[in-house]
Amino acid sequence: MKNGTLSDVFEELLDHSPIFENKDVLRSTYAPEELPHREKQIHNIAGILVAALRGETPSNILIYGKTGTGKTVCVKYVGRELEGFGGGKGNACVVMYLNCEVVDTQYRVLAQLARHFDKDIPMTGWPTDQVYSEFKNAIDSEDRTAIIILDEVDKLVKKGDEILYNLSRINSELKNARVSIIGITNDLKFLEFLDPRVRSSLGEDEIIFPPYDANQLKDILEQRSTTGFRAGVLNSGVISLCSAFAASEHGDARRALDLLRVSGEIAEREGAGNVSEQHVKLAKNKIELDRIGEVIKTLPTQSKLVLYSAILLDKMGAVDFTTGEVYNTYKKLCMSVGIDVLTQRRVTDLISELDMLGIINATVVSKGRYGRTKEISVSVPSESTMSVLLEDYRLKPLEDYASLVQTRLQ
DNA sequence: CCTCCACCGGAACGTGAGGAGT
DNA sequence: ACTCCTCACGTTCCGGTGGAGG
């Protein structure tokens, strides 16, 4: 009987999410039919790529823009349309998308491209030349235009720009097919590191994607929310608030969408019938906390110890404490963990770094007769931060220490 | 008004890892 | 295999300082 009721619950939740109609729409990876405020850029790209439909070689394109400005989604969109259109008109177009953060070497890029034409290329073992000619033959076997999209192309260049050089010259070795390259990057300085020959050929055309402003973000969120959420669950100010938060950062649409989706998730978990501005604030907090947690996890051990000392002091009831106090507890911690003790000079630097990251608050104050120091307070929740810190195996011995403080408090 | 605390923070230097060049 | 260079991380040394208390 119990099982029966439980599966009813699953059934209920599966079929009728009270909040979401289709959550995938609210992910930044989803490609919608319409891309608001990118008409100009899409038009530009299409204008360049249309040459492919006439059987000519389109110019290579370099696309700039910060994260979350819609570069990838726009290029993919134009690519899809082009492929579909070209098939109907008899001028075949092949669009290949590669994310260079994943495929980050010459060999892998070529192998991936060749596999697109159903070639069997082993993960490793072949000489790169052979993979190159395999790809060349495959592509040249028909009269067609191939468009290669290299996303995050700056990642590829870090390991040598030979591949870009080869690809940009491949047209002179082909008889039937034509190749054009679209590079996408968010690193504006990346061109400087490039071989001049590659630079001029890759950057025949350049398109810039500016960040979105709050109103544009609002349009994007509104458009997605109509299919993403059930009708009427969003309170009136929710979308404005999400876009305002995201716009005040970098105009990052990815952030805005995350914020909206997480707000919905929180509302859903609460069992609320609709999403309120309060949920957005909670979501902003959650996202921020996740970010901070990530930062803390990747801190160097010494910084973790310093932070741990600060949290201990905080838990012992001190509201503000000084560099000296932190340093003293830090020294004790180092002893009990068996890690070298750094000098106070160095620790002040670490404290400043933690301050910069927004994990602690440190301001210099003068206490007159009693010297001049930094007043420090912790600005993250101590319990959860402590457990994140204890995940580090080098800090394991401190678990006892933590419970010791706990008992002393009682 | 002067003193003097308890630290701040700049400068120069040491060290070892990792990359480029040859 | 070798040197050379850079870079991050730390140390040593030390001049500097806001303001409570005398």
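Keep in mind it's a predicted model, so treat the numbers as computed, not measured. Just so it is clear: chains get the letters A, B, ... in the order the sequence lines come, proteins before strands, and each one is counted from 1.
Rounded to whole angstrom, the span from the CZ atom of Arg346(A) across to the C1' atom of dC13(C) amounts to 17 Å. Rounded to a whole Å, the OH atom of Tyr370(A) is 12 Å from the C1' atom of dC4(B). Taking atom CD of Gln302(A) as the reference point, atom C1' of dT11(C) lies 13 Å away to the nearest angstrom. Atom CG of Asn328(A) and atom C1' of dC7(B) are 13 Å apart (whole Å). The OH atom of Tyr327(A) sits 12 Å away from the P atom of dC8(B) (whole-angstrom rounding). Distance Asp340(A) CG to dC9(C) P: 16 Å, rounded to the nearest Å.
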Distance-only donor-acceptor hits, side chain of residues 41-54 of chain A, under 3.5 Å, sequence neighbours excluded:
from     : atom 1 : to        : atom 2 : distance (Å)
Gln41(A) : NE2    : Ile208(A) : O      : 3.3

Which donor-acceptor pairs under 3.5 Å do side chains of residues 75-82 of chain A form with protein atoms, sequence neighbours excluded?
none

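Within residues 350-369 of chain A, the residues having any heavy atom under 4.0 Å from DNA chain B are, by residue number, Val364(A), Gly368(A), Arg369(A). Near DNA chain C, meaning a heavy atom under 4.0 Å from it, residues 371-380 of chain A has Gly371(A), Arg372(A) in order of number.
Under the side-chain hydrogen bond (donor to acceptor under 3.5 Å, both in side chains) criterion, Asp355(A) pairs with no residue, sequence neighbours left out. Shown here are the side chain to side chain contact (heavy atoms under 4.5 Å, CB included) partners of Thr226(A), two or more places apart in sequence or in another chain: there are none. In this structure, the ring pair (Phe, Tyr, Trp, His ring centres under 6.0 Å) partners of Tyr327(A), at least two apart in sequence or on a different chain, are Tyr330(A). Considering only residues two or more places apart in sequence or on other chains, Asp219(A) meets the side-chain hydrogen bond (donor to acceptor under 3.5 Å, both in side chains) condition with His37(A). Applying the side-chain hydrogen bond (donor to acceptor under 3.5 Å, both in side chains) rule to Ser28(A) yields no partners; only residues at least two apart in sequence or on another chain are considered. Evaluation of the side chain to side chain contact (heavy atoms under 4.5 Å, CB included) rule for Tyr370(A) yields Lys367(A) as partners, not counting sequence neighbours. Tyr212(A) pairs by the ring pair (Phe, Tyr, Trp, His ring centres under 6.0 Å) definition with nothing, not counting sequence neighbours.
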For nucleotides 14-19 of chain B, give me every protein contact, N/O to N/O, under 3.5 Å, one pair per line with atom names.
none

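In this pair, Phe229(A) and Phe20(A) present their aromatic rings parallel. The plane angle is below 30°, not in the 30 to 60° band.
For Thr348(A), the listed nucleotide lying nearest its side chain is dC8(B); candidates were dG10(C), dC8(B), dC7(B).
Across all strands shown, Val341(A) has heavy atoms under 4.0 Å from sugar-phosphate atoms exclusively, and none from any base.
A donor and an acceptor atom sit less than 3.5 Å apart, one in the side chain of Arg345(A) and one in the base of dG9(B).
With respect to Arg255(A) and Asp258(A), no salt bridge is recorded, no charged nitrogen being found less than 4.0 Å from a carboxylate O.
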